[in-house]
Every structure is written in C-alpha cells, then in structure tokens.
A.B. asks: 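Can you keep this structure in mind? I'll have questions shortly.
Note that these values count all heavy atoms, side chains included, but never hydrogens, waters or copies made by symmetry.
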Amino acid sequence: MEAVAAGPAPAAPPSQRQRTAGFLRRFSRLAGGYWTGETRWRAVSLTALVVVLTLFQVAVPVAINVWMQRLFDALEQKALGQFGGLLGALAAIILANVLITVAHLRAKRHLQVSWRAWLTRRLLATWMHDGRHYLVTFLPGEHDNPDGRIAEDIRIATEFAVDLAHSLMFAGLMLVSFTQILWTLSGSPWVSIGGLELYIPGHLVWIAVIYAAIGTTVALLLGRPLVRAVNRRQTYEANFRFGLVHARENALAIALLDGEEDERRNLGGLWKDLRRAWDRQTHALCTIFYFTTVWSVLSQAFPVLVAAPRYMAGQISLGVLMQTAQAFQHMVGALSWPIDNLAKVAEWRASVERVQSLHDALESLRDRSALTAAAAGAPPAAAASGVVVEAAPGMVLAFEGLTVTNPDGRPVLCDLTARIPLGDRVLISGDPGAAVKLFKVVAGLWPWGSGRVQLPVGEAIFFMPQRPYLPLGTLRAAVTYPGDPEAVPPAAVEAALASAGLAHLVPRLDQVETWEQVLAASEQQRLGFARLLLHRPAWIFLQEATDALDARGEQEMMRLLLSEFPQATIITIGHHKALDNYHHRKLALVTCDGALTAQEVPLAPPVAYPAAQ
C-alpha cells in the first residue's frame, strides 16, 4: 500500500485572545491617528491632563481610607478631642474631590468630543468623496445605514473608549494603591486555619484576588451572548431610524396615495424586529444581573467577615478592621472591572465593529479607484477588471469597447464604441436602466464592467438628473448648488429663474424651506435649467430632465438650452419622439444576440435656434 502524503494541516481558528488583539489593532488603525496626525498636540495635552487628574482621583479614596481608620479608632477610644481635626480633614478631602471631579469631567468631555470630531471628519471625508456614498450601497457586507454609523456609532466608539480607558486606568491605580495598603494590613504572614499554621504573606491580598477572579470568570462566561445581542439591537435600531426618515422624506407621496396603512405596517415590522432584539438583549442582561446583584451584596459583607476574626482576637483595632474592609472592597472593585463594564464593553465593541465595517467598505472603494487610475495608463488587458475613465487630449468624449455590467457581473450594455465631439447633440433612447448606467459610468459612479471612457481634458461636465437635488436651506442656495450662493450676483440668480419660467419664485429666494416638497415636479425641473444657466458648462448630460413638463414647457426649456448653449455638447436620455427635433443623432440601445448594444439611428436635421443675446 502506498503512503499518501498528508496535506498541510488546516489553520487553527483564532483564539479569543487573538481575536481581541486583532480587534484592538484594527481600532487603533482606524481611530489612533488622532494622537499622531495634525491634532496630536491637542490630543496628547488633553490625554495627559486626564491622566494627571485620574491620579488625583485615586488619591481621594486613599485619603478617605486613612481617615476612616482614624475615625473608628477615635470612636473605639471615645476620643472626642480628635473629632475637630477629623472634621477639618474631611472638609479638605471633600473640597479636593469636588474640584478634581469637575476638572476631570471637563477634560474628559473635551477629549471625547475632540476625538469624535476628528473621526467623524475622517469618515465623512472618505464617505462623501468620488461618489463613494453612492457606490458603497452596491457593495456586499455589513455597512448599511452609514448615516447612523457616522452619527451614533462613532459617538459610542469614542465616548465609551475614553470612559472605559479612564475607568480601567482608575481601577489599575486603585489596585496598586490598595494592594499595598491591604498587604500591610494583613499583618503576620502566619495564618492559622483549623489549627494548621500556614506561611502566607499578604494573605488578605490573595483572598481578594481569588474572590475577584471567581466573580470575573463567572461574569465573562455568562456575558458572552451579550455582545451578539447588543450588535443585533444596534442594527435594528438603525433600520428603524432609517424607515422613519424615509417616511418623512416621502410624506407627500405617501399622503397622496393614502399609503399610511402600508407605511405603518412596514414600520411596525421594523419595530417588531427591534423589539425582538431588545428582548434578546434584556435576556442577556438579566443573566448577568442574576449574578452581579448577588455578588455586589456579598462584596460588602465578605471583607468584614474575613477581617472580623482578627478583631475579635484583639489583634487589630476597630479602625484597622474598617480600614481593612474598605481596602478589601476597593481592591476587589478594581479587580472586578470586567464585571462592572461588561455591558458597556459589549456596546462599545459592537459600535466599533459597525464603524469599522463602513470604513473597510469605503477603503475598498478607494483602493478600487486607485487601481482604476493606475490602469488608465495600462494596456487594455490590465484594465479588464473595471471601467477605466480617463482624461484625454482633444474635445471629444469617446467610448472604446465599453461593456457595462451589474455589480454581480450580469451584462447591461455590451461593446459600445462611439465618439461624441464638442458641439454634438446626441439622444440616447431604448432601455432606460442601461442609459442611466452609461451616464453613471461617465460620472465615475459605475466602475463595473470593462473598456475605456475618455473625457475632454479640463472641461466641466454638468449632469442634470430627472429630479435636481435640492439641499436644505434657502432657495438661492438650491439654485446655485453646488456653488457658494454668496459668490453669485443676485441679479444673475434672478435672471436665471426668470429665463427658466420661475420668475414668481424670485421673492422667495431667501426663504428656508424643504424645497423638494414645496416645489412641484415641473418647477423642480425648471429650477435645474436655471442652475444650468448659472454654471455655463460646455458638456451637458440630461437624464429625462423634462419628463415632468408638458409639451409646451419641454419645448421652452429645450429651446432655451439650445439658444443659451449653441456650442455645447448635449447628451440626452429621453424616450419620446419630440426630443428628436433637438438633436443631431440618436443612439438606440437595442438587444442584439441576447445583449444590449448601441445602434446609430439617423435623425432629420434639427431646427436651428438663434443664440441668446
């Protein structure tokens, strides 16, 4: 029998410790730049201030511990004369505690909001760049509801990180301080247990360590389901918020269609998901609380019970007994940090994972953009994994062997090769979904496919979607978007509105409204043409930008376009015959051999319109 060579052994799954270390490394790469970048001096200064104030915070319970020993010794000795000095010392401790606590709170909150602002700016800059806020919706993975991740999860990730780091440092300092105190209070290293003499230096310290280790181990085992429950709940919270926002943004359409019952049903379903996630988290918390509530009560009595035999034997005073009990409580409290912060750590980790997954998705888009840019100078075979959009000399928009696919690889448009020179007017008809994706390719918002798109160097391209985007704010800001409204002369804005048939809106230019709900669809499309008049581009893409207008309105806007931009290139997506009159040629997207391709369709010579004076 021949021996069979064994293959490589499968890699062992990472341990919990390795997973935790990997998680912390990823979080450090994501958010640690706050301490190393442009904000490092502010970050280091605030962090150092928080550390120093934490040291002062630890000094307060140490002082109280010494004060308690002297107080109970005075009570045992009935030394009334010592009470004046003890009260004065207590007043000084209280005043110091108030000043330290308030100063620490201010410094910590400054650090939290500063770190949150830095991380928010970083993620916003990555998200709102090169269309990634749009492209990320097509990527597989857990990065839905980016608005909630940026607004809420970054807040939790930074605020809780500072809180947890501070509490962990505080617990560590308390552990060091009271371990020394408790070691001293343990007295003789010889301990008698049932008549047996054992040599255990600092025996009270070891009792505290064993006691806390038992509690921490049990709590960690019971708390494992909590992390999953918190993550699920935060996901469903974000889904519910998104559903409410979506309903608010589409309130008019819902009201006109009497769709309230359907919306209530949809929102009710989202709420049920959230309620189930809440109940799972409640169950996980209850499992933890069954143990921690018993443990917290036992922790108050246990140290007294441990030290009581020495007091009853006359080996220590009442003051030392109380000092020992308090030191034991402080030490156990420091060692019990995992128990006390388990729920908070779970929520923090869940939020960090949500922020990290969004960041990873955006980084993958950035890497893809870098590869596409590198492929712009590579041979076609090197660019086969995505559409290459590049600037090229000459006033021509060129498609070279362009194939457009869906993100899953299904073809949308195959092998388009065409050249559109400056001043040409091209109508694209046929499959509207494929036509819109072609526009997105030109805009750099659809990288899926292969081939090349060459854009004219240094020329602005203006895209007019079916409904223009109307930002929150004044009507003047909506007309001049994305430019600065203060940089556009008021007379130019008013003239543009009048030319687009919106002179009746001039008195409302400085009103703040939700304009996408105030203006009719036809007014929104006319506003898009007014915006076009202000930007004066040489390359204009229209995506069904007149479909809400009646025949006369469409004629007015197209004639305005041709008279104002007689030398511009105009590429239009449209699906009715009247648009033929305003274009030189037509590209019809038709099915050929089971796939869509573009075919040139001859048009009658367009009507000439005089240039605007």
Side-chain angles (χ1 to χ4, degrees), residues 130-131 134-140 364-365 368-369 371-392 394 396-421 424-456 461 463-466 539-545 547 569-577 579-580 583-603:
D130 282 346
Y134 172 76
L135 291 171
V136 75
T137 60
F138 295 96
L139 295 183
S364 70
L365 288 173
R368 177 178 293 176
S369 298
L371 289 173
T372 302
S385 60
V387 177
V388 175
V389 181
E390 60 182 346
V396 175
L397 170 65
F399 302 98
E400 296 182 358
L402 177 65
T403 294
V404 182
T405 68
N406 285 312
D408 60 7
R410 289 182 294 112
V412 175
L413 179 64
C414 296
D415 198 25
L416 171 62
T417 298
R419 292 174 62 83
I420 302 175
D424 202 357
R425 302 175 197 164
V426 181
L427 176 63
I428 300 176
S429 65
D431 187 293
V436 171
K437 287 183 176 66
L438 182 60
F439 271 27
K440 292 176 182 178
V441 168
V442 176
L445 298 177
W446 198 265
W448 295 284
S450 60
R452 289 176 179 269
V453 178
Q454 293 184 333
L455 306 178
I461 298 179
F463 290 89
M464 286 183 61
Q466 192 172 22
W539 296 78
I540 303 169
F541 285 70
L542 307 179
Q543 178 197 333
E544 300 179 293
D547 67 340
T569 302
I570 300 172
I571 304 174
T572 305
I573 294 176
H575 307 288
H576 57 278
K577 188 68 176 176
L579 290 173
D580 292 0
H583 297 84
H584 297 146
R585 56 196 178 109
K586 179 191 290 189
L587 290 177
L589 304 182
V590 297
T591 302
C592 180
D593 295 331
L596 276 176
T597 188
Q599 290 185 356
E600 183 105 11
V601 177
L603 293 177

A.B. asks: Kindly compute the distance separating CD1 (I461) from CD1 (I540), expressed to the nearest 0.5 Å.
C.D. replies: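 Between I461 CD1 and I540 CD1, I get 11.0 Å after rounding to 0.5 Å.
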A.B. asks: P407: what forms a side chain to side chain contact (heavy atoms under 4.5 Å, CB included) with it, not counting sequence neighbours?
C.D. replies: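 Listed in chain order: F138, W446, W448.
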A.B. asks: What are the two closest non-hydrogen atoms of L579 and G574, and how far apart are they?
C.D. replies: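 Looking at all heavy atoms of both residues, the closest pair is CD1-CA, 3.6 Å.
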A.B. asks: My understanding is that only residues two or more places apart in sequence, or in another chain, count here; which of them pass side-chain hydrogen bond (donor to acceptor under 3.5 Å, both in side chains) with D424?
C.D. replies: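 Counting only residues at least two positions away or on another chain, D424 forms a side-chain hydrogen bond (donor to acceptor under 3.5 Å, both in side chains) with H584, R585.
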A.B. asks: R419: what forms a side-chain hydrogen bond (donor to acceptor under 3.5 Å, both in side chains) with it, not counting sequence neighbours?
C.D. replies: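 Partners of R419 by the side-chain hydrogen bond (donor to acceptor under 3.5 Å, both in side chains) criterion come out as none, since no residue qualifies.
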A.B. asks: When the side chains of residues 429-440 are checked against the rest of the protein, which donor-acceptor pairs come out under 3.5 Å, sequence neighbours left out?
C.D. replies:
{"residue": "D431", "atom": "OD1", "partner": "G433", "partner atom": "N", "Å": "2.9"}
{"residue": "D431", "atom": "OD1", "partner": "A434", "partner atom": "N", "Å": "2.8"}
{"residue": "K440", "atom": "NZ", "partner": "Y134", "partner atom": "OH", "Å": "2.3"}

A.B. asks: How would you list, by chain and number, every residue that makes a side-chain hydrogen bond (donor to acceptor under 3.5 Å, both in side chains) with T572, sequence neighbours excluded?
C.D. replies: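 Listed in chain order: H583.
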A.B. asks: For F399, which residues count as a ring-ring contact (aromatic ring centres under 6.0 Å, His included) partner, sequence neighbours excluded?
C.D. replies: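 So F399 forms no ring-ring contact (aromatic ring centres under 6.0 Å, His included) with any residue.
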A.B. asks: Pick from V426, L397, I428, T569: which one makes a side chain to side chain contact (heavy atoms under 4.5 Å, CB included) with F541?
C.D. replies: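 The residue from V426, L397, I428, T569 that satisfies side chain to side chain contact (heavy atoms under 4.5 Å, CB included) with F541 turns out to be L397.
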A.B. asks: May I ask you to test the V404-V387 pair for a side-chain heavy-atom distance under 4.5 Å?
C.D. replies: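 Heavy-atom side-chain distance check fails, nothing below 4.5 Å.
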A.B. asks: As an exercise, state the distance from CE of M464 to CD1 of I570, rounded to the nearest 0.5 Å.
C.D. replies: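 Nearest 0.5 Å value for the CE-CD1 distance: 10.5 Å.
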A.B. asks: Going by salt bridge (Lys or Arg N to Asp or Glu O under 4.0 Å), name the pairs with one or both residues in residues 398-409, residues two or more places apart or in two chains.
C.D. replies: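 Residue pairs passing salt bridge (Lys or Arg N to Asp or Glu O under 4.0 Å), neighbours aside: D408-R410.
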A.B. asks: Could you tell me which non-hydrogen atom of F463 sits nearest to which non-hydrogen atom of A443, and how far apart they are?
C.D. replies: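 Heavy atoms only, the tightest pair is CZ-CB, 3.7 Å.
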A.B. asks: Looking at CG of L427 and CG of L542, how far apart are the two atoms once the value is rounded to the nearest 0.5 Å?
C.D. replies: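 L427 atom CG to L542 atom CG measures 10.0 Å (nearest 0.5 Å).
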A.B. asks: Can you name the residues that form a side-chain hydrogen bond (donor to acceptor under 3.5 Å, both in side chains) with Q454, not counting sequence neighbours?
C.D. replies: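 In terms of side-chain hydrogen bond (donor to acceptor under 3.5 Å, both in side chains), with neighbours along the sequence ignored, Q454 is linked to E390.
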A.B. asks: Would you confirm whether S450, through its side chain, and G386, through its main-chain N or O, come within 3.5 Å as a donor-acceptor pair?
C.D. replies: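 Not a single qualifying donor-acceptor pair exists.
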A.B. asks: Would you name the heavy atoms of P447 and L135 that are closest together and state the gap between them?
C.D. replies: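 Residues P447 and L135, closest heavy atoms: CD-CD2, 3.6 Å.
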